[in-house]
A.B. asks: 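Here's a structure for you.
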Amino acid sequence: MSILDVDGVYRSADAEVSEQPVRHAGVSTFMHTASLFLRAVGDAEGSDLWRQPCADIRRARWLLGTVPLPLDSGTLGLRKTAGALADRIRVLGPVADRSLLGQLNAVADALRKLGGERDTPLARGVVKYLASSGTSRALVVVTNRVYQNDVVDAFTALRCPVEVGTVRDLAGTGVYDAAVVVGPVGWLPPGVLNAPRAARIGLVHYDFYREPQEVWPLFEEGPVLRGPMPSRISRRPPLVLGGAPGRVASVPEAQEAPVLTGFDVLSLAGDAVAGLPADVLPEAAPGTHERVAAQVAQLADGSFVLLPLEASVHKVLLVEEDDEGRPAVEAVDAATVTVGDAVVLRGGSYYQSLVERADAALGDDALMLREIQSAWKAQLRDRVARHRDGAQGVATDLKARGATTANLGYWTGPWCIRTRLKADFTVVMRYLGRSDEADHAWDALGRIDHAHRSAGRSYADAVQRAVSGDTWKTLQSEQWCDIALDDTEAGARVALIDVLLPGQLTVPAHYLCRLRSPEVS
């Protein structure tokens, strides 16, 4: 952004920022029953039984809270989800806890009733805000571009034509007369509110979303400032719809009108990992996958990715513009990517894709070679775990035996195939009591290393071909695009990182650098 663009943004620095809460009885009832069930499952043994219904519920409430469509719309699919939950109840009936089944039945019933309503609560909240602000036309910001056309149709039906975009449109160089953001404020990058691109900004969301109301200045001082920063978000009276919240007989805690708490809605980072298996987020148990520190990054298309915080844990492909304005694809350390970088993601990780391609090249020997790879690293991890001084103690032992380096963190991690130097590998194998296998293992692991390098080059080449021409133009204009890879049936998505969410997670390394959505497990 140039200094002139920044100056234009700060002409709106004295923007009016207002919350317009929406309270809908049916939505509140569903949210409350859903939260009770999700919290109960989180504390239950055998929670794998409930993984699919939990994913369905989280998807429903994310769509419900962020997409301003009629409650009975097929895009929201609330009644369809209720039917899927009912089917699941019948399957689980003979084997599952009766109390949890009762709570899940209450969720399905609330969702079924909600999906039968034709009301459009969030869109009506937007219309109310625009009417009170004296603006009949504005930019409406939603979390995901997938729903843009449906949302335009919904507002057209309400005789309130609006432009619909994502946060990317509100965080660029354009300055608007008014903008309305739909959904929880927590998913907005800070620059949207502390360097506002509109004279009036409305934050329309259901009243169970509770967000901090302070807006901090982007700069404490500086030459670019055309007015006072809004120091606080003003809160308007809630728009109350849908009558009184219903009673839910199956759930004793919900006999009275629901009182929603901070537990009733996951944090944005929590929603980003809501579909992960139940055993992923707690501390690692003996024998489970190694956990690594990670952060959640929101992408320009509204999806998410888990990125490692430490270097040399994982790699990812980036698409950048070269000196001649053409796309250039490069594999980089995933811990180094940041806001504005365009990452290449699949449902599986970049590492997983390399393994798949490498194993295809290795053919029938792949299984035998992988066992050699996993065996020496597992034994080395065990020595680290049993040594009284941990990794430092093992490193000291190895160096005393002649190793030039002792990068235990990398050697025992998922990316390592073998040490960089054969001499170091020989020392390690002798330390593990396997010196007679060192030469054979080194040669076997060399085959894996060669296959991985070839797979990396072929994957990068496939992405390079895919992002050329019109696809490159789409990525530059839309900030994300889906690509088809000509050497595999599975495609990929390229998307810019919009914001790095606060907080730290601990997850298995193989969950890193995979495309995730708060709507899907």
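On a predicted model such as this, the values are computed, not experimentally measured, just so you know.
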A.B. asks: With a 4.0 Å cut-off on N to O distance, would you call Arg383 and Asp397 a salt bridge?
C.D. replies: no
A.B. asks: Got a second to check how far Leu485's CG is from Asp461's CG, nearest 0.5 Å?
C.D. replies: 11.5 Å
A.B. asks: For the residue pair Ile417 and Trp376, what are the closest heavy atoms and their distance?
C.D. replies: O-NE1, 3.2 Å
A.B. asks: Could you walk me through whether Arg346 and Glu356 pass salt bridge (charged side-chain N to carboxylate O under 4.0 Å, His left out), step by step?
C.D. replies: CA-CA 13 Å; Arg346 298 171 49 203; Glu356 292 169 356; 3.6 Å; yes
A.B. asks: Under 6.0 Å from the CZ atom of Arg386, do we count more than 12 heavy atoms belonging to anything else shown?
C.D. replies: yes
A.B. asks: Which is it for His314 and Cys513 under the side-chain contact (heavy atoms from CB on, under 4.5 Å) test, yes or no, and what are the steps along the way?
C.D. replies: CA-CA 8 Å; His314 220 290; Cys513 302; 3.8 Å; yes
A.B. asks: Would you call the rings of Phe425 and Trp442 parallel, tilted or perpendicular if under 30° counts as parallel and over 60° as perpendicular?
C.D. replies: tilted
A.B. asks: Taking C-beta and beyond as the side chain, do Leu114 and Leu64 meet within less than 4.5 Å on heavy atoms?
C.D. replies: yes
A.B. asks: Ion pair present between Asp56 and Arg59, side-chain N to carboxylate O less than 4.0 angstrom?
C.D. replies: no
A.B. asks: Is the number of heavy atoms from other residues, nucleotides or ligands within 6.0 Å of CG (Asp87) greater than 12?
C.D. replies: yes
A.B. asks: Is there a donor-acceptor pair closer than 3.5 Å between any side-chain N or O of Ser454 and the backbone N or O of Ala451?
C.D. replies: no
A.B. asks: Does the pair Arg430/Glu437 count as a salt bridge with the N-to-O cut at 4.0 Å?
C.D. replies: no
A.B. asks: Have a look at Leu318 and tell me which of Val494, Val337, Val344, Val463 forms a side-chain contact (heavy atoms from CB on, under 4.5 Å) with it.
C.D. replies: Val337
A.B. asks: Minimum heavy-atom separation for Pro327 and Gln464, please, with both atom names.
C.D. replies: O-NE2, 2.7 Å
A.B. asks: Could you measure the distance from the CD atom of Gln379 to the CG atom of Leu432? Nearest 0.5 Å is fine.
C.D. replies: 4.5 Å
A.B. asks: So, Asp424 and Arg420, do they make that salt bridge, N to O below 4.0 Å?
C.D. replies: no
A.B. asks: Are Arg79 and Asp72 close enough that some pair of their side-chain heavy atoms sits under 4.5 Å apart?
C.D. replies: no
A.B. asks: Return the CG to CG distance between Leu104 and Leu111, rounded to the nearest 0.5 Å.
C.D. replies: 10.5 Å
A.B. asks: Which heavy atom in Gln148 sits nearest to a heavy atom in Gly165, and how many Å separate them?
C.D. replies: NE2-CA, 3.4 Å
A.B. asks: Arg381 vs Leu408, test: side-chain contact (heavy atoms from CB on, under 4.5 Å). Steps then yes/no.
C.D. replies: CA-CA 8 Å; Arg381 281 196 298 270; Leu408 275 302; over 6 Å; no
A.B. asks: Is the NZ atom of Lys377 crowded by more than 12 outside heavy atoms at less than 6.0 Å?
C.D. replies: yes
A.B. asks: Roughly how far, to the nearest 0.5 Å, is OG1 of Thr405 from NZ of Lys399?
C.D. replies: 8.0 Å
A.B. asks: Please report the closest heavy-atom contact between Ala294 and Leu512, naming both atoms and the distance.
C.D. replies: CB-CD2, 3.8 Å
A.B. asks: Work out which heavy atom in Asp322 is nearest to a heavy atom in Ala328; give both atom names and the distance.
C.D. replies: CB-CB, 4.3 Å
A.B. asks: Do the non-hydrogen side-chain atoms of Thr338 and Ile497 ever get within less than 4.5 Å of each other?
C.D. replies: no
A.B. asks: For residues Arg418 and Gln373, is any side-chain donor paired with an opposing acceptor at under 3.5 Å?
C.D. replies: no
A.B. asks: Taking everything shown except Lys473 itself, do over 12 heavy atoms lie less than 6.0 Å from its NZ?
C.D. replies: no
A.B. asks: Given Cys481 and Arg493, is the side-chain contact (heavy atoms from CB on, under 4.5 Å) satisfied, shown in steps?
C.D. replies: CA-CA 6 Å; Cys481 65; Arg493 179 169 296 178; over 6 Å; no
A.B. asks: Which of these, Val394, Val384, Leu398, sits in a side-chain contact (heavy atoms from CB on, under 4.5 Å) with Trp411?
C.D. replies: Leu398
A.B. asks: Taking the side chain from Thr336 and the backbone from Val332, do they hold a donor-acceptor pair closer than 3.5 Å?
C.D. replies: no
A.B. asks: Take atom CZ in Arg453; do more than 12 heavy atoms of anything else shown fall under 6.0 Å from it?
C.D. replies: no
A.B. asks: Just wondering, more than 12 heavy atoms not from Glu310 lying within 6.0 Å of its CD?
C.D. replies: no
A.B. asks: Ignoring hydrogens, what is the shortest heavy-atom contact between Ala495 and Leu299? Give both atom names and the distance.
C.D. replies: CB-CB, 3.9 Å
A.B. asks: Distance from Leu445 atom CG to His450 atom NE2, nearest 0.5 Å?
C.D. replies: 14.5 Å
A.B. asks: Do side-chain atoms of Asp97 reach the backbone of Leu100 as a donor and acceptor pair under 3.5 angstrom?
C.D. replies: yes
A.B. asks: If you measure from OG1 on Thr81 to CG on Leu76, what distance do you get to the nearest 0.5 Å?
C.D. replies: 9.0 Å
A.B. asks: Do Val343 and Val319 make a side-chain contact, defined as non-hydrogen atoms from C-beta onward lying under 4.5 Å apart?
C.D. replies: no
A.B. asks: Taking the side chain as every heavy atom from C-beta outward, state whether Arg370 and Ile448 have any atom pair closer than 4.5 Å.
C.D. replies: yes
A.B. asks: Do Val329 and Tyr459 pass the side-chain contact (heavy atoms from CB on, under 4.5 Å) test, and can you show the C-alpha distance, the side-chain angles, and the key distance before you say yes or no?
C.D. replies: CA-CA 10 Å; Val329 178; Tyr459 187 30; over 6 Å; no
A.B. asks: Determine whether Arg434 and Val428 make a side-chain contact, defined as any pair of heavy atoms from C-beta on separated by less than 4.5 Å.
C.D. replies: no
A.B. asks: Are side-chain heavy atoms of Tyr147 and Asn149 found at a separation under 4.5 Å?
C.D. replies: no
A.B. asks: One thing to verify: whether Arg447 and Asp443 come together as a salt bridge, which I'm taking to mean a side-chain N less than 4.0 angstrom from a carboxylate O.
C.D. replies: no
A.B. asks: Tell me, do Gln476 and Glu321 make a side-chain contact under 4.5 Å, heavy atoms counted?
C.D. replies: yes
